[in-house]
Amino acid sequence: MSKKKLKKNLRSQRWFAEQTLRGSGHKSRIFQLGLTKEDLENKPIIGIINTWSEVNHCHSHLKERASDVKTGILQQGGVPIEMPAISLAEVFQKPSTMMYRNLLALETEELLRSYPIDGCVLMGGCDKTTPGLLMGAISMNLPTIFVPAGAMLRGHWRGQTLGSGSDIWKYWDELRGGNISEGDWQEMLEGIARSPGTCMTMGTASTMTSIAEVMGFSLTNASSIPAPDSAHRRMATYSGRRIVEMVCEDLKPSDIITEKSVYNAIKALMALGGSTNALIHVIALARRSTIDLKLDDFEKIGRQTPFLVNLRPAGKYLMEDFYYAGGLGALLEGMRNLLYLNELTCTGKSLGQNIKGLKIHNPEVIKTPQNPIEPNGGLIVLRGNLAPDGAVIKANAADPKFHEHVGPAIVFDSYDEMAKKIDDPSLDISENTILILRNAGPIGGPGMPEWGMLPIPKKLVKKGIRDMVRISDARMSGTSYGTCVLHVAPEAWIGGPLSLVKTGDTIELSVKNRSLNLKVSATEFDARRKSLKNKPERFSRGYGRLFVQHVLQANEGCDFDFLEPSGPTPEPEIH
Ligand code: FES
């Protein structure tokens, strides 16, 4: 048994301790698993919720990492039980992994609720897996530690480093512009994903695993370790050891996630120059914890937090460089005056204690508030008659010349329409045009696919143009870049103002004023609204129907309305 003493009886004992017919049945089946009588004598049973799957390119190492977690659990006197959960493979799953984040959250919560589990290790990292796992675990509120999958190694091609996503978009434009050959393109594709692990730019995966760590759910610097590094194996083992102690200490998510730890996460997001997707996920995580977080909180914190990390897509380096430069811990130590340091974490210590004394080894990669890349975080919340409930732009990944921009709109009602027309040589377009894609929101998409970085029309690419203003109710990959206004809420499919725009209308974007407006008269605006027709039902059955009937809008975190907290977490009856 662990060196630590249990603070209360184990939850799993409800299944095994009673001398009843049912309790005996449970025991006999535990023996069938090869476990012994001693394993049931008040040892914590740790559920390892693993999102390993052969279909998930980013999690291919998580099967063997689960063995390291198990080693740690056994070393500390716990009993590991691995439980697979749906894996959300960002690149393959359609229409969007975002549509399935809530399914993973629901599955995680119910796996923990319905089985004899005392504490859990969550294993994920590919984009939506991190928030999905954490949302479920927060709702179930058993001791929880998160083991991030870790980023893959740097990509390489002809002496250059390549970044996931970012360089795909970049070289795709070069291919379309006729600057590289099909052979070059193929060679580049073979060099960009060299190892197991998540995207190694500061995309959604690394943003969200960093946020999980700052909130207190991972060991110090866990999120910065590259997936293939042996330090990643040791981190998995330490996490296994630590979860057993957490059960003994009864240290639960409700002790860890607080308003201040959420604010710390937003500060880290701004300092990292992280993904726009994080706004949706952090709101969802906060709301699972009954913290009423608003888009405006990001705006307020962003104005007070400098942008400090020089990683693609907003900067130059990659996650491997970030780790060698000191990682997240060193970044946080460098900005400790901006953080709430007393927040409790999974280590049993405060955030301030965890990061104390960690050093920045490469100031080119990790800056300090005294010498920032930009004085403010790059994630800006816009409002106006086009986005009454908000929209988001990653200003530090956009060409500054478009930050204040007025231009004519070209509107696409669907991705297919956009794909069909965007390269039409007769399209009347210049770099001043504003491209609009609508019906790509939570319900319209469905699941807000990452279509927000609309392609630059081929004829402009050939002229050397690489950025222009694009507006949508979609999301964009955290590895994308450009002047892309995203998450426009409410979405067009349910009658949001984006549905009122016509090709040729003038639109005004102002990053300085945080505004996004359609320049038509109020009378015209009202007339268009009156002529709007309701959209048809997206799905007649299945998970899709559940999704569109219950998903909330982007500014509310896109959780299901029925998964938001409504009282104490119910435990199952054991009969
Ligand atoms: Fe899995 Fe990017 S595709 S993290």
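For clarity, every value in this text was computed on a predicted model and none was experimentally measured. FYI, side chains are in, hydrogens and waters are out, and symmetry mates aren't considered; it's all heavy atoms of this structure. Counting starts at 1 for both ligands and their atoms, in listed order.
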Relative to the heavy atoms of [X], which atoms of ligand 1 are at a distance of less than 4.0 Å?
X    : result
A205 : 4 (S)
H57  : 1 (Fe), 3 (S)
C58  : 1 (Fe), 3 (S), 4 (S)
D127 : 2 (Fe), 4 (S)
V91  : 3 (S)
E90  : 3 (S)

Worksheet entry | Over-ring placement of R538 relative to W493, 6.0 Å and 45° cut-offs | yes

Worksheet entry | Pair Y100 and Y543, ring centroids less than 6.0 Å apart |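 Under 6.0 Å, so yes.
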
Worksheet item: Got a sec: is C126 within less than 2.8 Å of atom 1 (Fe) of ligand 1 via an N/O/S atom?
Response: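 Coordinating: yes.
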
Worksheet item: So, is H59 placed with an N/O/S atom under 2.8 Å from atom 1 (Fe) of ligand 1, counting both backbone and side chain?
Response: no

Please check if the number of heavy atoms outside [X] that lie under 6.0 Å from its [atom1] is greater than 12.
X    : atom1 : value
R233 : CZ    : no
Y171 : OH    : yes
W157 : CH2   : yes

Fill in: Separation of I393 CD1 from L509 CG (nearest 0.5 Å)
5.0 Å

Worksheet entry | C484 side, atom SG; D467 side, atom CG - distance, nearest 0.5 Å |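 Rounded to the nearest 0.5 Å, the SG-CG separation comes to 7.0 Å.
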
Discussion item. Suppose we only count N/O/S atoms under 2.8 Å; would C199 qualify as near atom 2 (Fe) of ligand 1?
Written reply: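 Looking at C199, which is the residue asked about, there is an N, O or S atom under 2.8 Å from atom 2 (Fe) of ligand 1.
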
